[in-house]
J.: 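Got a structure here, written out as structure tokens. Questions coming.
Numbers restart at 1 for each chain; the letters A, B, ... are given by sequence-line order, proteins then strands.
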Amino acid sequence: MEIIVYPRRYQPVVGVGMVNLGKVNRIRASGGSTMFKKVTAVLLAITALGWVGVAQAARTDIVVGMQLEPPNLDPTAGAAAAIDEVVYANVFEGLTRFGADGSVKSALAESWDISEDGLTYTFKLRSGVTFHDGSAFNASDVKFSLDRSRADNSTNAQKQLFDSIDTIEVADPETLVITLSAPNGALLFNLAWGDAIVMSPDTFDKAKTAPIGTGPFKFSRWVQGDRIELETNPDYWGTAAKLEKVVFKFISEPTAAYASLMAGDVDAFPVYPAPENLAQFEADSRFNVVVGSTEGETILSTNNKQPPFDNKLVRQAVAHAINRQEIIDGAMFGYGTPIGTHFAPHNPVYKDFTANSAYDPEKAKALLKEAGFADGFETTLKLPPPSYARRGGEIIAAQLRAVGIKTQISNLEWAQWLEQVFRGKDYGLTIVSHTEPMDIGIYAKPDYYFQYDNKEFQQLISDLTLETDEAKRAEMLQTAQGIIADDYVNGYLFQLAKTGVANAGIVGLWENSPTQANDMTEVYWSK
Amino acid sequence: MIQFLRNRRNLIIGALLCLVFIAAAIVSFFWTPYDVTTLDIANKLKKPALPYLFGTDHFGRDIFSMIMVGARTSIAVALVAVTIGMVVGVPLGLFAAANRGALFDELIMRGNDLIFAFPALLIAIMITAVFGPGALNAIIAIGIFNIPVFARLTRAAALSLWERDYILSARVAGKSRLRISAEHILPNLLNLLIVQGTIQFSLGVLAEAGLSYVGLGAQPPTPSWGRMLAESQTMFSFAPHLAIFPGLAIVLTVLGLNLFGDGLRDYFDPKLRHNRRSEAAVPLDELALLDSEKGRSIK
Amino acid sequence: MSLLTVKDLQVSIGGKSILQDIDLTVSRGRVLGIVGESGSGKSMTAYAIMRLLPDGSELSGEILFNDTDLAAASEEAMCQVRGRSIGMVFQEPMTALNPLHTIGDQIAETVRIHSKVGRAEALRITLDTLRRVELPPEEFPPSRYPHELSGGQRQRVVIAMAIALRPQLLIADEPTTALDVTTQAQLLSLLKRLVDTDQMALILISHDLAVIANTADDIAVMRNGVVVESGSTENIFNHMQHPYTVSLLKASGHVPEKLAAGVLADEPLLVVKDLVRDYRLPRKRFFDAVNYFRAVDNVSFTIKRGENVGLVGESGCGKSTLTRAILGLEETQGGTITLDGERIVAKSEMSLACRRKMQVVFQDPYGSFNPRHSVGRSVAEPLHALEDRPDRLAQQKAVQEVLERVGLNAADSKKYIHEFSGGQRQRIAIARALIIRPSLIILDEAVSALDVSIRAQILDLLVELAASDDIAYLFISHDLSVVRSFTQRLLVMKDGRIVEEGQTDVVFSRPQHPYTQSLIDAVPVVPTVFAQRE
Amino acid sequence: MIRYLARRLVSLALTLLIASVIIFLALEVVPGDPASVMLGVNAQPETVQALREELGLNVSKPMRYFNWVSGMLVGDFGTSYTYRTPISEMIADRMVISFPLALYALLLSTLIAFPAGIIAATKRGSLSDLSIMGMTQLGVAIPNFWFAMILVIIFAINLQWFSAGGFPGWEAGAFAGIKALTLPAIALALPQASILARVMRSSLLDTLGEDFIRTARAKGLSARQALWRHALRNAMIPVLTIIGLQFSFLLAGAIIIENIFFLPGLGRLIFQAITQRDLIVVESVVMLLVFAVVAVTFLVDIAYAVVDPRLRHRLQ
């Protein structure tokens with residue numbers, strides 16, 4: 001989903017990087033001799049053991065639970081969120097990166113200059129960066145990685161991120177120049193995606209199973225089907241990670257997730273799959289429940305070209321038939337923020353349109369009658385696997401039944417959902433959470449799976465891309481939110497909450513989910 | 001009388017348990033304490049206490065009502081699947097036995113072996129991957145695996161009947177193999193088939209629960225015991241009644257059917273082999289037949 | 001002095017009385033024969049002595065064995081007695097041996113369970129015992145498995161197990177019933193020799209009066225759980241007291257009134273010519289040539305209209321295969337079968353006209369009827385072969401008529417087969433054969449499974465029917481005494497061939513083939529007047 | 001022997017060949033494209049095409065079948081679409097969990113079932129027979145996933161004697177490995193043990209009623225001696241069949257249990273592969289499981305011949 005906006009708050013913050021640089025040099029200086037390193041390591045280990053013996057030392061390892069296992073570990077070769085959740089910011093880094101608050105920060109690029117016309121970006125890269133295999137990092141690695149992702153035979157799932165790039169040139173080993181074919185304010189944002197990380201041309205082909213990056217953690221092993229282990233990278237250019245070992249353990253069954261936390265097999269589950277257990281974890285002093293925001297707008301996607309949903313009155317009736325709070329309570333056990341349009345509520349330009357589609361079954365019935373469906377109608381409700389969809393679907397089906405709309409529920413796997421709903425557009429209703437940040441632009445694509453075709457809206461979005469004035473952009477964005485709310489394109493349900501559970505002793509986990517990542521750089525045990 | 005009851009203990013307990021669930025299923029067509037399709041989120045996760053006899057689930061639905069309707073689903077799926085197995089498997093077995101040693105017989109038996117060689121749950125998953133999940137596909141999946149069970153059982157039992165003198169008499173009377181199969185073989189297999197049918201029925205209930213548990217059975221809002229278990233298991237720690245009641249429903253139904261099947265077997269023929277699973281009984285019979293085959297060819 | 005004395009033995013199972021007031025005595029070196037029809041309690045008496053009664057049995061009375069009361073002995077004590085002091089041999093040699101153990105192990109087990117002898121000594125005794133039962137270890141090494149032996153050989157192994165420790169008493173429960181006559185004769189003489197050489201006592205249980213008469217020194221006649229008559233063999237036969245014993249003797253030697261030779265029309269009904277039936281044997285190795293086993297080897301014979309022909313031969317001689325071929329149920333590889341001028345060919349549809357001329361009665365009165373069909377339906381089944389199949393009412397009438405003819409009631413057609421006794425069932429089987437008025441009835445061991453008294457009745461019935469309906473019989477049997485009394489002409493079959501053919505009387509009085517001679521010699525005959533045995 | 005083995009092997013190979021065709025055809029009609037699944041909703045169509053090209057999905061179906069089968073013959077199952085690693089390696093990794101788990105469960109099942117079945121058969125009608133048979137009825141009726149849940153709650157969450165699941169790897173030591181497999185093995189073994197105990201009981205009862213047991217008693221063997229020396233080995237024949245069936249069932253049927261205990265075994269691999277439409281993995285693992293079933297049947301047949309001299313002619 002194309003990113004067409006570049007809001008103010010995603011301005012890169014460079015300062016932190018400067019401080020880090022000094023640290024990296026210091027560490028590198030002290031780590032000059034391998035002999036010395038080994039001795040230090042042994043001493044450290046002995047000290048650690050001593051501590052364990054004397055008093056409870058803070059743990060330096062963590063087991064992080066994830067529901068899905070990544071199919072591979074190359075973020076440039078797959079759309080699976082699980083890939084980024086393991087390697088993003090931990091193993092791989094790009095020129096820029098997202099911070100915990102969603103801001104774009106400097107990463108391998110220490111700083112950059114943007115030409116007046118906005119077409120030329122000159123990146124000053126950090127010096128003294130090495131890959132985990134010991135080879136030095138330089139600008140040609142960046143050029144190789146980006147060129148590979150935008151090549152004709154590229155298999156990068158987010159290839160559109162690089163669409164605006166015209167050429168990439170290496171000025172010197174520490175300077176990279178990117179020329180755009182048209183101005184694109186979102187470039188730095190785009191380069192922060194996991195799909196734009198930097199790999200070495202010597203090792204990129206191994207990234208799927210044995211990734212070699214520049215991040216604070218080195219990949220150590222992958223027991224397929226069970227876990228991935230990372231270990232700290234002593235040669236990291238920035239502030240070294242506090243943890244020595246990170247284990248990502250894959251537990252797909254929610255029950256097993258609960259059991260694993262309760263039994264102490266897993267220390268943290270950043271995206272805990274069963275909101276019904278959160279109250280228990282909250283009541284348990286051993287655990288912290290972290291509730292944050294995600295970029296996931298959960299919507300009742302509607303096939304706008306399939307009768308009777310091509311009738312706005314019907315869509316409006318559906319919208320009024322839905323009781324959002326009941327869905328949030330019933331499906332998410334209270335976690336989630338009601339939304340009235342396709343926009344994240346934590347975004348400053350978000351406008352609340354929930355009143356526009358307030359729960360009013362009587363009105364829904366009246367609207368149906370007006371549309372010529374006094375006796376209701378029957379349609380399909382195709383549900384992908386996540387519990388928000390499965391449970392939400394059952395509740396929505398009951399709510400729609402109350403106004404006379406019968407739904408035939410079919411639970412689909414993602415593969416079937418992609419095939420039938422997303423690609424085949426063979427559905428009436430479906431529930432899905434759109435987790436990409438700032439993705440209102442999808443409503444400007446008439447062939448997108450909900451098949452919304454509004455020329456006015458499409459014009460507005462293309463104007464928005466050209467507009468640079470922040471106030472005007474905010475206004476336009478709010479107009480856009482209004483248009484899709486008024487057209488009742490989809491049923492807007494709620495913003496997905498990020499509900500994580502972690503051992504109370506863990507500090508530094510991301511609260512929100514600006515991108516799908518488990519950045520372990522600053523995580524440590526407080527006790 | 002007491003002796004009679006004692007000897008038929010399995011039959012009676014089994015029949016009673018089955019009756020309870022069949023009655024629940026039938027009554028659910030006309031009446032349930034609460035509507036199982038109406039959600040009442042405000043009343044969710046109520047502990048078992050009146051007016052909700054078994055409590056309510058995470059959507060505020062009455063679990064007692066859901067178990068009643070779930071009985072319907074379970075029984076219907078298992079019954080239809082077993083019927084498919086019988087309707088296809090029994091004639092195949094009869095036909096194979098009537099044409100023993102012929103190519104057709106060989107094909108049927110090898111086909112059965114082939115089906116048996118496939119891991120059942122995986123095939124069910126594959127079937128639903130192709131056709132989508134749903135009660136119908138669960139029926140097909142369970143039904144397919146019932147076919148070889150009945151085909152093999154029928155063939156093995158029919159083969160031994162074909163050796164009987166009264167079959168020879170019928171053949172001397174000029175009756176065709178088809179007619180003999182229908183007139184003489186099938187009626188004498190009925191007891192065996194009913195017993196096996198009951199046991200397959202109970203296995204069907206378990207299989208339906210298992211398929212629904214992994215999300216491949218009846219789709220919501222139709223209640224299903226297996227799905228009730230799956231949906232409630234994360235809440236087991238704070239709302240155990242959500243998992244206990246459907247679990248008990250499955251256990252008691254399967255128990256009832258098994259006891260009933262065992263009781264029937266004892267009732268029909270105390271000497272009948274007590275092997276629980278036909279998969280076990282049949283290769284054995286065939287083993288015996290292999291030997292008798294050898295014996296016969298030399299005689 | 002008597003070795004074993006049974007006094008007032010009473011046995012009940014589950015409250016039901018099985019044996020009442022049994023008194024028996026047997027001394028060393030003597031043979032006590034217990035004779036009785038099925039259900040008379042003779043086997044139960046043996047089990048009671050061995051204390052091997054089924055669960056839920058109650059036993060009272062005295063079983064004095066060497067002055068020890070076995071009835072009061074503990075199970076441990078009984079284990080010491082069984083196999084060491086009392087051996088037992090059972091009826092079914094095919095199932096009496098553990099199929100998974102070698103015969104040597106099974107014989108040696110008797111030895112080792114009772115005495116602490118070493119492996120070598122046990123083997124020595126085993127080999128010796130094998131020799132005693134006339135299974136030379138050179139030919140029958142102890143490493144053989146039971147399935148590698150014939151029925152008679154297996155029974156010898158069972159006897160070997162029972163006598164390995166030279167017990168004082170051997171109980172043999174119908175030891176020869178499942179065996180051919182020649183084998184039976186050999187085994188009986190073996191048992192007698194063992195009694196003589198070891199001065200062993202033997203209790204021989206049999207339903208066959210002839211067997212008992214020729215073997216036993218003393219006889220006890222049992223009926224319905226009671227000993228009705230007992231005494232020395234000589235006494236019993238010469239001064240029979242009890243009416244049951246008298247009737248038993250009469251039935252054993254029963255000779256049905258044969259048809260006068262003049263009734264026969266000299267017209268061939270069934271003509272079998274050069275008949276060959278081959279079975280393909282499984283190949284031993286993949287590239288071996290296919291081997292065949294010739295079950296019926298160039299058999300030719302003729303049955304004339306109304307004639308009563310016997311076919312005798314021991315098990316495995318091919319008589320069953322021949323029967324099936326005649327019935328059109330068996331493919332043949334050569335030769336022809338012609339019934340009343342029409343060829344019988346298996347697999348192709350035999351004409352209905354031909355079908356209706358031939359019927360069959362099988363041996364097993366229990367397996368001959370579909371238990372789920374009413375008697376009427378079973379009896380009416382052959383009507384299927386009629387071109388002009390009568391309607392329901394006519395069928396019903398025909399069934400009732402034919403039932404009455406075989407001595408049953410018309411009302412019996414509504415009943416089910418389990419409501420009838422073995423003899424009645426055999427009558428129903430005959431009724432089924434009669435209903436389409438066939439010209440030929442094949443009697444495949446039709447009276448072999450019946451008690452002697454019932455057998456006599458059935459034979460009479462058959463003769464009477466043959467006379468009135470002009471039916472020819474092919475009477476197949478392994479029991480020569482029955483064949484002798486029933487048939488006019490005799491075919492002797494061995495290894496798939498007819499080795500002798502002729503008038504029954506002639507064959508019996510002047511057998512030509514040595515095999516026929518050995519068969520006839522082996523048949524135990526009930527003496528009409530019992531002469532003092534030496 | 002060679003002839004018998006050769007005939008059996010030919011029929012085994014034929015079964016596998018037909019199975020491979022069925023599996024391939026069945027999976028070819030499964031909707032869903034691995035490339036689309038991998039690339040997600042944002043991917044451009046040409047990117048999906050490029051990936052399909054890279055994965056070899058554009059090769060014609062007969063060719064792909066041929067490549068798959070001919071590869072398998074030399075032990076090369078191909079490369080997973082999603083993991084991009086050789087499938088043979090993945091299977092090997094998963095086998096070291098699934099195989100020991102199945103074996104462990106089978107061992108438990110046998111250890112429970114044998115004594116239970118023997119006691120029930122020898123004390124037929126007694127209270128211990130009744131209670132053992134009652135337990136087995138219950139054991140058969142309890143869905144193993146439900147039982148697994150209860151085991152986790154009691155032994156992992158409340159008592160914390162075992163982990164709730166997961167597998168530390170054999171390099172963590174045999175004890176740790178066995179401990180991790182204990183709860184899943186118990187969950188798997190319970191219904192199997194119940195079935196086995198019932199078969200054991202009925203088979204033993206049948207055997208105890210055989211004539212040769214009577215003969216043995218007449219030789220002077222006590223009831224107990226007759227049981228151990230004569231009945232048990234004869235009763236083993238049907239039990240062997242069941243054990244064979246159970247092993248293949250346990251190997252293939254552990255999908256749900258492996259999910260509950262998040263064990264990285266074959267069942268979980270195949271479940272995952274189906275959802276990701278990694279069809280070549282699904283095909284290969286199903287093929288392997290079919291092979292396991294057929295091979296176990298074959299071995300059971302040979303075991304018969306070892307146990308039963310009447311069938312030894314097959315091997316001679």
J.: Determine the minimum heavy-atom distance between A:Ala263 and D:Ala156, stating which atoms define it.
T.: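 Scanning both residues, the minimum pair turns out to be CB-O, 3.7 Å.
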J.: Given side chains that start at C-beta, do those of D:Ile274 and A:Glu413 come closer than 4.5 Å, heavy atoms only?
T.: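 With C-beta onward as the side chain, the pair touches.
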J.: Does atom OH of D:Tyr65 have more than 12 heavy-atom neighbours from other groups under 6.0 Å away?
T.: yes
J.: Pick from D:Asn158, D:Thr85, D:Val48, D:Asp93: which one has the most heavy-atom pairs with chain A under 4.5 Å?
T.: D:Thr85
J.: Go through the atoms of A:Asp74 and report whether side chain, backbone, both or neither lie under 4.5 Å from a heavy atom of chain D.
T.: neither
J.: Against chain D, label A:Thr209 side chain, backbone, both or neither, depending on which of its atoms sit under 4.5 Å from a heavy atom there.
T.: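 Side chain only.
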J.: Can you measure from OH (D:Tyr83) to CG (A:Leu73) and round to the nearest 0.5 angstrom?
T.: 10.0 Å
J.: Is A:Phe250 close to chain D through its backbone or its side chain, or both, or neither, when contacts mean heavy atoms under 4.5 Å?
T.: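 Interface part for A:Phe250: both.
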J.: Which heavy atom in A:Thr155 sits nearest to a heavy atom in D:Glu54, and how many Å separate them?
T.: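 In this case the closest contact between A:Thr155 and D:Glu54 is CG2-OE1, 3.2 Å.
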J.: Give the minimum heavy-atom separation between A:Asp265 and D:Ser163, together with the two atoms involved.
T.: OD2-CB, 3.3 Å
J.: Kindly determine whether A:Glu419 and D:Arg277 satisfy side-chain contact (heavy atoms from CB on, under 4.5 Å), including the steps that lead there.
T.: CA-CA 11 Å; A:Glu419 186 93 359; D:Arg277 290 300 181 271; over 6 Å; no
J.: May I ask you to say whether D:Arg268 pairs ionically with A:Glu69, meaning some side-chain N is under 4.0 Å from a carboxylate O?
T.: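 The answer is no: the pair does not qualify as a salt bridge.
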J.: Looking at every non-hydrogen atom in both residues, tell me the closest pair between A:Lys249 and D:Phe167 and how far apart they are.
T.: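 Heavy atoms only, the tightest pair is NZ-N, 4.1 Å.
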J.: Under 4.5 Å heavy-atom distance to chain A, tell me which part of D:Leu51 shows up: side chain, backbone, both or neither.
T.: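 Both parts, backbone and side chain.
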J.: Does the side chain of A:Ser260 come within less than 4.5 Å of D:Phe262's, by heavy atoms?
T.: yes
J.: Does A:Asn153 reach the side chain of D:Glu53, with side-chain heavy atoms less than 4.5 Å apart?
T.: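 A side-chain contact is absent here, since even the closest heavy-atom pair is not under 4.5 Å.
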J.: Under a 4.5 Å heavy-atom cut-off, does chain A meet the side chain of D:Pro168, its backbone, both or neither?
T.: backbone
J.: Report the option among A:Ser154, A:Pro70, A:Ala157 that has the most heavy-atom pairs separated by less than 4.5 Å from atoms of chain D.
T.: A:Ala157
J.: Tell me which of these, A:Gln224, A:Lys159, A:Lys208, has more heavy-atom pairs under 4.5 Å with chain D than the rest.
T.: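 Max contact count across the listed options: A:Gln224.
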J.: Quick check on A:Lys425: does its NZ atom have over 12 non-hydrogen neighbours (other residues, nucleotides or ligands) under 6.0 Å away?
T.: yes
J.: Please identify, among A:Thr255, A:Leu418, A:Ile251, the residue contributing the most non-hydrogen atom pairs under 4.5 Å to chain D.
T.: A:Ile251
J.: Of the non-hydrogen atoms in A:Arg423 and D:Ser36, which two are nearest, and what is the gap between them?
T.: NH2-OG, 2.6 Å
J.: Counting only heavy atoms not in A:Asp152 (residues, nucleotides, ligands), do more than 12 fall under 6.0 Å from its CG?
T.: no
J.: Give a yes or no on whether D:Trp161 atom CH2 has more than 12 heavy-atom contacts from other residues, nucleotides or ligands under 6.0 Å away.
T.: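 12 or below, so no.
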J.: Using atom types as modelled and distance alone, determine if a side-chain donor or acceptor of D:Gln160 lies under 3.5 Å from a backbone N or O of A:Met262.
T.: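 Yes.
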